[in-house]
Amino acid sequence: MPTHNPFRFAFEATSDKPEAMPYVARLRWNSQLKRVEQQLYPMNRQALSATTTRVFGEFPASPMEIIETRRGALTRKRKTMELISWFLVVPRGYLVLIGEGQDTTASDRITRYLSGTLSVNDLGNQRWDFQSAVSDWKALPEHPPTIAPMPPRLQYLEQRRDALQHELQEIERELAALKGSAAHA
């Protein structure tokens, strides 16, 4: 596959369905088993509540690779639909959408592409130019600005507890002082 240095992309999704936890994976062809396989990227997980989890992180990807994402799931009329999408990494540093989980023709095109029987320019619903394609999902700059990560929920709760304890101590001191001055009056 590609020898190009990989781009880095950011991913973030929130889900309240543990059975449809968000993920990012590179799809690869296993020539021995004659099937597509996922290589999951490690992502950070942050519990936002008892039922909601934020999954976030960065992942590398090179031109011509297929990336699969799951952003969670929707439930309508007692039917759950996973929010799965497939993207192609293009040379200009973008992830271009080439299909979604319910699209069996896109899944078939991806299988044929990864097995070597379909051209990269035939991956989309219509003919397009792999070399000049762009999308909204752009690679991160090579030297991204440093952004402080969100503290884990445990750390947040501990800091909040300490601040409340400090505030309670100040209230107790002020109450004691007021009671002392009222007793002298």
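Computed over heavy atoms, backbone and side chain alike; hydrogens, waters and symmetry mates excluded.
Checking each of Arg26, Arg28, Glu68 against Gln38 for a side chain to side chain donor-acceptor pair (under 3.5 Å) leaves exactly one that passes, namely Glu68.
Without hydrogens or angle criteria, Ser181 side chain to Leu178 main chain gives a donor-acceptor distance under 3.5 Å. Under the 3.5 Å distance criterion, the side-chain polar atoms of Thr111 are matched with a main-chain donor or acceptor of Ser107. A donor-acceptor pair is defined here as one N or O able to donate and one able to accept, closer than 3.5 Å; such a pair exists between the side chain of Ser135 and the backbone of Leu95. In this structure a side-chain-to-backbone donor-acceptor pair under 3.5 Å is missing from Lys179 to Ala176. Listed for the Tyr41 side chain is a donor-acceptor partner under 3.5 Å among the backbone atoms of Pro60. Looking at Thr117, its side chain does come within 3.5 Å of a backbone N or O of Arg112 through a donor-acceptor pair. Remark: the backbone N or O of Ala10 is paired with a side-chain donor or acceptor of Trp137 at under 3.5 angstrom. Side-chain N or O atoms of Glu170 include none that pairs as donor or acceptor with a backbone N or O of Glu167 at under 3.5 Å. Panel note: side chain Tyr23, backbone Met43; no donor-acceptor pair is recorded below 3.5 Å.
The OG atom of Ser85 sits 12.0 Å away from the CZ atom of Arg70 when rounded to the nearest 0.5 Å. Atom-to-atom distance recorded for Asn44:CG and Phe11:CZ is 11.5 Å, nearest 0.5 angstrom. Interatomic distance, CE of Met81 versus CD of Glu100, reported as 8.0 Å (0.5 Å rounding). The line from CD of Glu65 to CZ of Phe87 is 15.0 Å long, rounded to the nearest 0.5 Å. Of the inter-residue distances, the one linking Thr69 atom OG1 with Ile84 atom CD1 reads 8.5 Å to the nearest 0.5 angstrom. Summarising the geometry, atom CG belonging to Leu123 is positioned 5.0 Å from atom CD1 belonging to Ile66; distances are rounded to the nearest 0.5 Å.
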Checklist entry - Given the rule in the side-chain contact (heavy atoms from CB on, under 4.5 Å) test, do Val24 and Leu40 qualify, once you have shown the distances and angles that lead to the verdict? => result CA-CA 6 Å; Val24 177; Leu40 293 173; over 6 Å; no
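With a 4.5 Å cut-off on side-chain heavy atoms, Phe7 and Val89 count as touching.
In this structure, Gln169 places its CD atom where more than 12 heavy-atom neighbours from other residues, nucleotides or ligands lie under 6.0 Å away. Environment of CZ in Arg76: sparse, with no more than 12 heavy atoms of neighbouring residues, nucleotides or ligands closer than 6.0 Å. Around the CD atom of Gln165, the shell of radius 6.0 Å holds more than 12 heavy atoms that belong to other residues, nucleotides or ligands.
The two atoms that bring Gln131 and Pro91 nearest to each other are OE1-CG, 3.5 Å, heavy atoms only. Nearest heavy-atom pair across Ile98 and Leu88 is CG2-CB, 4.1 Å. When all heavy atoms are compared, the tightest approach of Phe9 to Ala61 is CE1-CB, 4.0 Å. The minimum heavy-atom distance linking Leu118 with Arg109 is given by the pair CD2-O, 3.3 Å. Residues Trp86 and Leu27 come closest through the heavy atom pair CD1-CD1, 3.8 Å.
Within the cation-pi definition used here (under 6.0 Å to the ring centroid, within 45° of the axis), Arg54 qualifies as a partner of Phe56.
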